[in-house]
Amino acid sequence: MLKILLCASLFSLCVGCAFWLTRKYRKRKDFFYNLDLFNERLVNEVSYTKIPLPAFAEKYEFTGDFKKMLEEKRTDFQADRYEFAYLTEDEKKFLGDYFRMVGGSDSASQKTYLSAQRKEIGERRRVSDEIYAKYFSLYLKLGVLAGLVLIILII
C-alpha cells in the first residue's frame, strides 16, 4: 500500500514538474496573445473613437504580465522596461519600438502604423503558440516517462 502511494505521488510530482517547466512558454504565448488583442482593439479605437491611451488601457481588460506592463505604462507610454525573462532581446526591442510609436502622432498615421504591425504581431503570436505546443508536448511526455521509470525502479 505504501509503495502504491509513493508511486502515485512521484508520478504526479514528475508530471507537475513538466507543467512547471512549460510555464515560461505559456507566459510568452499569453503575452503575445494579449499584445495582438491590444493592437486589434487599439486599431479600432483609433479608427472610430480616438480616446486617449490611458483611458483605452482602463477600458479594456488584459491578463498576466501584459496587464502589469500596461499598469506601469499608464502614466508614461514611452518608458522602456520589459524585464520579462521569457522574451528575447529582439522581442524586447520590438516592444520598445512599438510602444514608442503608439500615441506619438495623429490618428491617421497611428492607424497606418498599427495596421502595418498586425502582420508582425500575428507572426510573433503564431510562433509563440507553436513553440508552446512543441515544448508542452515534449515536457509532458518526459514527465510521464520519468514518472514511469521511477515507478518501475520502486516496484
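Quick caveat: nothing in here was measured; it's all calculated off a predicted structure.
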Can you tell me how far the OG atom of S128 sits from the CZ atom of R26, to the nearest 0.5 Å? 13.0 Å
Please report the closest heavy-atom contact between F84 and K92, naming both atoms and the distance. O-CE, 3.5 Å
I'd like to check the salt bridge (charged side-chain N to carboxylate O under 4.0 Å, His left out) partners of K68; sequence neighbours left out, ordered by chain and number. D65
With sequence neighbours excluded, tell me which residues meet salt bridge (charged side-chain N to carboxylate O under 4.0 Å, His left out) with K59. E45
F38 vs F99 aromatic rings, parallel, tilted or perpendicular, using cut-offs 30° and 60°? tilted
Nearest 0.5 angstrom please: E61 CD to N34 CG, how far? 9.5 Å
Can you tell me how far CG of L10 sits from CD1 of I154, rounded to the nearest 0.5 angstrom? 4.5 Å
Minimum heavy-atom distance between D36 and R125, given as atom pair plus value: OD2-NH1, 2.9 Å
Nearest 0.5 Å please: distance from the CD atom of E120 over to the CG atom of D97. 10.5 Å
Between A18 and G143 the two heavy atoms that sit nearest each other are CB-CA, 4.1 Å
Tell me whether the count of non-hydrogen atoms from other residues, nucleotides or ligands lying under 6.0 Å of OH in Y98 goes above 12. yes
Between K67 and F62, the two heavy atoms sitting closest are CD-O, 3.2 Å
K29 versus D129, closest heavy-atom pair with distance: CG-OD1, 2.9 Å
CZ on F32 to CG on N39, rounded to 0.5 Å: 12.5 Å
ILVMFWY clustering at 4.5 Å (side-chain atoms), partners of I4: none
Taking C-beta and beyond as the side chain, do R126 and E130 meet within less than 4.5 Å on heavy atoms? yes
Connected hydrophobic set around L138, excluding itself, where side chains approach under 4.5 Å: F11, V15, F19, W20, L21, Y25, V127, I131, Y132, Y135, F136, Y139, L140, L142, V144, L148, I151, I155
What residues, two or more places apart in sequence or in another chain, satisfy side-chain hydrogen bond (donor to acceptor under 3.5 Å, both in side chains) together with R41? none
Yes or no on side chain to side chain contact (heavy atoms under 4.5 Å, CB included) for L70 and Y60, after CA distance, side-chain angles and deciding distance? CA-CA 11 Å; L70 281 182; Y60 293 106; over 6 Å; no
Side chains of D90 and R124: does their closest heavy-atom pair fall under 4.5 Å? yes
Indicate yes or no: at least one non-hydrogen side-chain atom of E91 is less than 4.5 angstrom from one of R28. yes
Which residues share a side-chain hydrogen bond (donor to acceptor under 3.5 Å, both in side chains) with D30, sequence neighbours left out: none
Checking the side chain of S137 only, and the main-chain atoms of A133 only, is there a donor and an acceptor separated by less than 3.5 Å? no
So CD of Q117 and OG1 of T112: to nearest 0.5 Å the spacing works out to 11.5 Å
